[in-house]
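I have placed the structure first, in the form of structure tokens, so that the comments after it can refer back to it.
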Amino acid sequence: MAHVDETLAAYEGIAARYDELNARMDTSSLVARFVEAVDRYGSGGRRLLDAGCGTGRSSVALRKHGFEVTGYDLSPAMVATARRRPGAEEIRFLVGRLQEPPPGLTGFDVVACVDVPMTYLTDTDQLRQALTAARHQLTEDGVLVFDLNTIGYYRRMFGVPTVADRGDRYVAWFAESPRIEADAVVITQFDLFQRNGGGWERLSMRHVQRHHSERTVREVAAQAGLRVVAAHGLVGTSSAGDPADEDDHDRILYVARRSDPAA
């Protein structure tokens with residue numbers, strides 16, 4: 001099975017329960033970091049494309065910050081969930097891949113990829129295609145803002161098999177890769193065990209991601225006609241200071257502009 005098909009299958013199968021299983025994720029704080037970057041580096045325009053929007057949590061949060069939001073995602077089931085989300089009534093949701101977005105999405109002041117959807121681009125060619133697509137979606141003075149996991153995060157989170165007790169459920173995860181290397185694919189297995197009557201229900205997911213180092217991001221962005229203007233470190237969803245550190249920080253929040261506005 002191709003990696004992109006595995007990603008689609010994973011999210012199609014979990015869409016109905018995604019928000020429940022990720023209830024601890026502080027999306028509002030993460031979105032606040034994105035908004036800070038947009039306010040600092042952007043043009044002031046409020047037309048925003050939420051690329052890889054999932055179930056629309058980030059889209060609604062961005063809408064609350066005053067943006068006119070359009071969102072799209074790989075998974076039709078995730079998009080269907082997004083359309084039913086309270087607060088999403090004025091948001092347009094579409095289905096498409098980061099590297100093959102729905103047609104006609106142009107003229108945005110901001111393109112945001114919130115909560116690491118670009119980690120599912122498993123080679124540099126896919127990353128280049130996605131960044132090129134984002135470049136064409138932006139106005140001349142627009143900004144692309146996206147986050148990626150650091151190599152330190154992958155090693156801390158998945159280097160050792162882990163089981164977490166969540167009361168009525170257990171979550172186990174580990175990396176299938178014997179070594180977690182920079183600029184390489186990281187395959188992780190998640191298993192959720194939840195009480196169901198007198199027994200237990202098991203839900204399994206396999207995620208195929210890739211670590212993209214800052215050097216790679218800058219090189220591929222340049223190939224796509226973008227210039228990275230900022231790379232801020234995050235620990236969890238909180239700002240961690242600069243410069244971004246691939247070992248100590250959990251994510252890097254990137255900001256990029258079109259390198260040739262006249263093109």
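For the numbers below, each heavy atom of this structure counts, side chains included, while hydrogens, waters and symmetry mates do not. Along the sequence shown, the residues carry numbers beginning at 1. As the structure is a prediction and not an experimental result, all values here were calculated from the model.
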Whether Asp191 and Arg169 form a salt bridge (side-chain N of Lys/Arg under 4.0 Å from carboxylate O of Asp/Glu) is what I want to check.
no
Salt bridge flag under 4.0 Å for residues Arg210 and Asp123
no
Nearest heavy-atom pair of [X] and [Y]: which atoms, and what distance?
X: Ala172; Y: Val163; answer: CB-CG2, 4.0 Å
X: Val228; Y: Ala221; answer: CG2-CB, 4.0 Å
X: Leu121; Y: Gln126; answer: CA-OE1, 3.3 Å
X: Asp73; Y: Gly52; answer: OD1-C, 3.3 Å
X: Ile151; Y: Glu246; answer: N-OE1, 2.9 Å
X: Thr150; Y: Asp245; answer: CG2-O, 4.0 Å

For the [atom1] atom of [X] and the [atom2] atom of [Y], what is their distance to the nearest 0.5 Å?
X: His211; Y: Ser177; atom1: NE2; atom2: OG; value: 13.5 Å
X: Gln99; Y: Asp125; atom1: CD; atom2: CG; value: 9.0 Å
X: Tyr154; Y: Asp250; atom1: OH; atom2: CG; value: 11.5 Å
X: Asn149; Y: Gln209; atom1: CG; atom2: CD; value: 6.0 Å

Assess whether atom CZ of Arg92 is packed by more than 12 heavy atoms of other residues, nucleotides or ligands within 6.0 Å.
no
For Leu74 and Leu8: C-alpha separation, side-chain torsions, deciding distance, then whether side chain to side chain contact (heavy atoms under 4.5 Å, CB included) applies.
CA-CA 7 Å; Leu74 168 72; Leu8 177 59; 3.9 Å; yes
Linked, directly or transitively: [X] and [Y] (ILVMFWY side chains, under 4.5 Å):
X: Val95; Y: Leu98; value: no
X: Leu49; Y: Leu127; value: yes
X: Met205; Y: Val186; value: yes

In a check of side chain to side chain contact (heavy atoms under 4.5 Å, CB included) between Gln137 and each of Thr132, Val110, Val111, Thr106, which one passes?
Val111
Identify which one of Val217, Leu253, Val255 satisfies the side chain to side chain contact (heavy atoms under 4.5 Å, CB included) criterion when paired with Phe146.
Val217
Going by the angle between their ring planes, with limits at 30° and 60°, are Phe190 and Phe158 parallel, tilted or perpendicular?
perpendicular
Would you check, one step at a time, whether the test side chain to side chain contact (heavy atoms under 4.5 Å, CB included) holds for Tyr254 with Leu148?
CA-CA 8 Å; Tyr254 292 96; Leu148 289 169; 3.9 Å; yes
Could you go step by step and tell me if Arg83 and Met78 meet the side chain to side chain contact (heavy atoms under 4.5 Å, CB included) rule?
CA-CA 9 Å; Arg83 289 170 177 158; Met78 298 284 274; over 6 Å; no
Within 45° of the ring axis of Phe108 and under 6.0 Å from its six-membered ring centre, is that where the NZ or CZ of Arg47 lies?
yes
Only pairs under 3.5 Å count here: list side-chain donor-acceptor contacts from residues 232-241, not counting sequence neighbours, and write none if there are none.
| unit_1 | atom_1 | unit_2 | atom_2 | d |
| --- | --- | --- | --- | --- |
| His232 | ND1 | Asp242 | OD1 | 2.9 |
| His232 | ND1 | Asp242 | OD2 | 3.0 |
| His232 | NE2 | Tyr41 | OH | 3.1 |

Answer yes if the side chains of Tyr120 and His207 hold a donor-acceptor pair under 3.5 Å, and no otherwise.
yes
Which pairs count as side chain to side chain donor-acceptor pair (under 3.5 Å) when at least one residue sits in residues 213-225, sequence neighbours excluded?
Asp183-Ser213, Asp183-Thr216, Ser213-Thr216, Glu214-Arg218, Arg215-Glu219
Steps toward side chain to side chain contact (heavy atoms under 4.5 Å, CB included) verdict (Val145, Arg33)
CA-CA 10 Å; Val145 188; Arg33 305 289 81 76; over 6 Å; no
Please table the atom pairs, donor to acceptor, closer than 3.5 Å between any side-chain atom in residues 59-71 and protein atoms at least two apart or in another chain.
| unit_1 | atom_1 | unit_2 | atom_2 | d |
| --- | --- | --- | --- | --- |
| Ser59 | OG | Asp50 | OD2 | 2.6 |
| Arg63 | NH2 | Glu90 | OE1 | 2.3 |

